[in-house]
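Some notes on the structure that comes next.
Counting starts at 1 for both ligands and their atoms, following the listed order. These values consider heavy atoms only, across backbone and side chains, with no hydrogens, waters or symmetry-generated copies.
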Amino acid sequence: MKFVIISCFIIIIAGCAGGPYTQTNKQYKKKARDFAKLLRQYPLKDSAGLPYAADWVGTTNFSMRRPNFVIIHHTAQNSCEQTLKTFTMPSTSVSAHYVICKDGTVHHMLSDLLRAHHAGVARWGNSTDINSSSIGIEIDNNGAEPFTPEQINSLTELLGRLKRAYNIPVPNFIGHSDIAPGRKVDPNKNFPWADLAGKGYGIWYDTTALELPADFNPVQALRIIGYNVQKPETAISSFKLHFVPSDTTLEVTDPEKKILYSLQQRSL
Ligand SMILES: [Zn+2]
């Protein structure tokens, strides 16, 4: 009896102590419960309430869908607190699976198995619903400053865990600017893409002893790598931000053509 009373007391105190996200955590739970209900529904019905097929025979062999891309962002906000607030206000409609603060703290905001709203209108290769197939990681950064060593350490550890858990292919660690050329410029030029590629997260180039074919086409190379080349100049800009951040022009120089050729070969 005494134990029950103490337990109740602890629960009441914990409930009151709350913190700023008590209410939004409740909303998360409710939403997750609603989706769990949907998972239990079979056969699944369309918006008119009709099943997609005439007959249902449940298979015994299945698993959850898995993310196959990791998209890295900078928050373009002034603090981690501000970002957590933004991602817990229904009116903003935006979110990410993870937020990494300047001191290296990692906030997990959404199950990896659910769809966050971080990519917006985006495309990589033939994938057009990047939110459905990716994990979104936001790094607290105002858009122009360097990333802290603590952030990069936490990010590297997180990427390792995600890569192992979901078997994410090396080329599929990319930035928001890569999948939304002309619209997004994150993560900024200070992001250590080369170091991360050296650890197996994303591709990098090696132009040593590389001979450029006479008919080499830079726009075609960008397309093969994954960029949306509908507006080639925006794709060039995103490519340079990721691989040659020191060059902000739109001209593709001969050394840059070699970089593109090397990346193209690693993307095939
Ligand atoms: Zn972004």
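Between the OG1 atom of T24 and the CD atom of Q27 there is a distance of 6.5 Å, given to the nearest 0.5 Å.
Under the side chain to side chain donor-acceptor pair (under 3.5 Å) rule, K102 has a single partner from E145, Q151, E150, which is E145. Here the options are H73, E138, H97, the test is side chain to side chain donor-acceptor pair (under 3.5 Å), and the partner is H118; only H73 passes.
Closest N/O/S atom of D186 to the Zn ion (ligand 1): OD2. Of all N, O or S atoms in H176, the one lying closest to the Zn ion (ligand 1) is ND1. The N, O or S atom of H73 with the smallest distance to the Zn ion (ligand 1) is ND1.
A salt bridge is absent between R66 and D112: the closest approach of a Lys/Arg side-chain nitrogen to an acidic carboxylate oxygen does not fall below 4.0 angstrom.
With 2.8 Å as the limit, E138 does not count as an N, O or S neighbour of the Zn ion (ligand 1).
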